[in-house]
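Worksheet for the structure shown next.
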Amino acid sequence: AEKQKYIGMVEDCCCDYETVNKLNTEVLHPLLQDLVKTPFYRYFKVKLWCDCPFWPDDGMCRLRDCSVCECPESEFPEPFKKALSKDNPVCQEGKPQGAVDRTVDTRAFTGWTVTDNPWTSDDETDNGEMTYVNLLLNPERYTGYIGPSARRIWDAIYSENCPKYASEQSCQEEKILYKLVSGLHSSITVHIASDYLLDEAKNVWGQNLTLLYDRVLRYPDRVRNLYFTFLFILRAVTKAENYLVEAEYETGKDNVIEDLKTKSLMKQLVSDPKTRAACPLPFDEAKLWKGQRGPELKQQIQKQFRNISAIMDCVGCEKCRLWGKLQILGLGTALKILFTVNGEDNLRHNVCSYS
Ligand code: FAD
């Protein structure tokens, strides 16, 4: 019965559910599983300091359960000191599953390019506040971040920055922002359900299918939005094919073989003939921003997405903040790839015809 709900085209996309499932199982997922282990992709450089611009009064960023504390340097293991960019060693207290493991091996990737993205609010300046995080040590999973603090973040995202528009009232562009955020929300919940702390006393982790059903599967629109977000990202990746195949994946002289593997995996991922044949245009961005309100709409949606990006600094659980920032950066990059043409925003003044 669950499967019956997902037959035909993914809404607003150019691929059907069955094709997406098949491509993901046979091609994309296996390649991505290898790609995320490579040095280029396993390290993420990020400013994790909780710099919340919206609720300065709220002590949530300092919640003992969700944060890391700074500890005297003497407490910190000698081999780790070298790998940290700043002398702010950290120790964990409270719920360890909520805190980021900053253990970085000494072969940490050292390249970092500052890029400006109008869709995101992150200050990417490499100013010493950035830390490298080994994502393999910090899988996205249940962290215990629940209650008013988490709810406040989602409420702010949905109510102020991407309200659920009634379909007859809105242009396609407005619905897309909602669907991307809802798809990301579904993805976060699926990760929580697939790696859940089943028994805290015995530290037993595993799948929580009840949670998966209650919070995602029970709502077909949440599942549809997950597929939509998947295809939106896939379109950005295939559109950036030339760049991704040519890009440098070098992470230092100790990693030459692994870096070559990264390049080869990336090439397989973006140029896979099966994907190209089965789903040549996962999403058609050319139909957007053509209406009379195009330029205004684009600015409005860009501002809303930037706001969502800034809200990530208010996420009170450090590991959730890490994954929230990473995923919003990914969505923002996809938005930039799909909606920037020849370095310009490419806005035209027509009618809002695509809705
Ligand atoms: P929530 O997931 O908080 O949802 C709040 C409300 O939003 C729901 O009641 C519903 O009305 C609506 N909603 C839910 N899903 C969707 C959807 N897909 N589309 C549209 N509307 C929806 N917790 C972890 O354990 N691990 C993490 O890594 C993690 N990362 C997070 C990252 C961010 C950026 C945020 C804001 C929170 C994160 N959390 C994480 C917390 C987690 O998302 C939930 O907030 C928490 O588990 C409490 O869930 P809940 O049942 O109250 O509903």
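Note that ligands are numbered from 1 as they come in the structure, with each ligand's atoms numbered from 1 the same way. Below, all heavy atoms of this structure are taken into account, side chains as well, without hydrogens, waters or symmetry copies.
- Residue-ligand proximity, Met312 to ligand 1, at heavy-atom distances under 4.0 Å covers atoms 34 (C).
- Within the 4.0 Å heavy-atom criterion, the part of Tyr158 lying near ligand 1 is the side chain and not the backbone.
- A cation-pi geometry, defined here as NZ or CZ lying under 6.0 Å from the six-membered ring centre and within 45° of its normal, holds between Arg222 and Tyr219.
- Ligand 1 places these atoms under 4.0 Å from at least one heavy atom of Ala150: 45 (O).
- In this comparison of His185, Arg151, Arg222, the heavy atom closest to atom 10 (C) of ligand 1 sits on Arg222.
- The aromatic rings of His185 and Tyr158 sit parallel, their planes meeting at an angle under 30°, below the 60° perpendicular limit.
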- In sequence, state the C-alpha distance, the side-chain angles, and the governing distance for Trp205 and Tyr196, and then conclude on ring pair (Phe, Tyr, Trp, His ring centres under 6.0 Å). CA-CA 5 Å; Trp205 291 78; Tyr196 196 82; 7.8 Å; no
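- A 4.5 Å side-chain heavy-atom check between Leu198 and Tyr142 finds every atom pair outside the cut-off.
- Those atoms of ligand 1 that come under 4.0 Å of a heavy atom in Ser186, given as number and element, are 18 (N).
- The nearest heavy-atom contact from the protein to atom 19 (N) of ligand 1 is Ser182 OG, 2.6 Å.
- Within the 3.5 Å criterion, the main-chain N or O of Arg141 finds no donor-acceptor partner in the side chain of Lys319.
- Inspection of the Thr210 and Asp214 side chains reveals no N or O donor paired with an N or O acceptor under 3.5 Å.
- Distances between N or O atoms of Glu140 and those of ligand 1 include no value under 3.5 Å.
- Among all non-hydrogen protein atoms, the one lying nearest atom 47 (O) of ligand 1 is Arg215 NH2, 2.7 Å.
- Ligand 1 has at least one atom lying under 4.0 Å from a heavy atom of Tyr142.
- Taking atom 30 (N) of ligand 1 as the reference point, the nearest protein heavy-atom neighbour is Cys320 CB, 3.3 Å.
- For ligand 1, the atoms lying closer than 4.0 Å to a non-hydrogen atom of Ile146 are 46 (C), 47 (O), 48 (C).
- Protein heavy atom in closest approach to atom 43 (O) of ligand 1: Trp154 NE1, 3.0 Å.
- Comparing Ile153, Ile192, Val190 against atom 42 (C) of ligand 1, the shortest heavy-atom distance belongs to Ile192.
- Ring geometry for Tyr6 versus Tyr227: interplanar angle under 30°, hence parallel rather than tilted (30 to 60°).
- Counting the atoms of ligand 1 from 1 in the order shown, those under 4.0 Å from a heavy atom of Thr143 are 23 (N), 24 (C), 25 (O), 26 (N).
- Proximity of Tyr145 to ligand 1, defined as any heavy-atom pair under 4.0 Å, is shared by backbone and side chain alike.
- Looking at Leu177 and Gln304, their side chains come closer than 4.5 Å, going by heavy atoms from C-beta outward.
- Looking only at distances, no side-chain donor or acceptor of Ser271 sits under 3.5 Å from a matching main-chain atom of Gln268.
- Annotation: cation-pi pair Lys263/Tyr249 absent, no NZ/CZ under 6.0 Å from the ring centroid and within 45° of its normal.
- Here the side chains of Gln327 and Ile188 are in contact, with some heavy-atom distance below 4.5 Å.
- Listed by number with element, the atoms of ligand 1 under 4.0 angstrom from any heavy atom of Tyr178 are 20 (C).
- For atom 28 (O) of ligand 1, the nearest non-hydrogen atom from the set His191, Lys319, Arg141 comes from Arg141.
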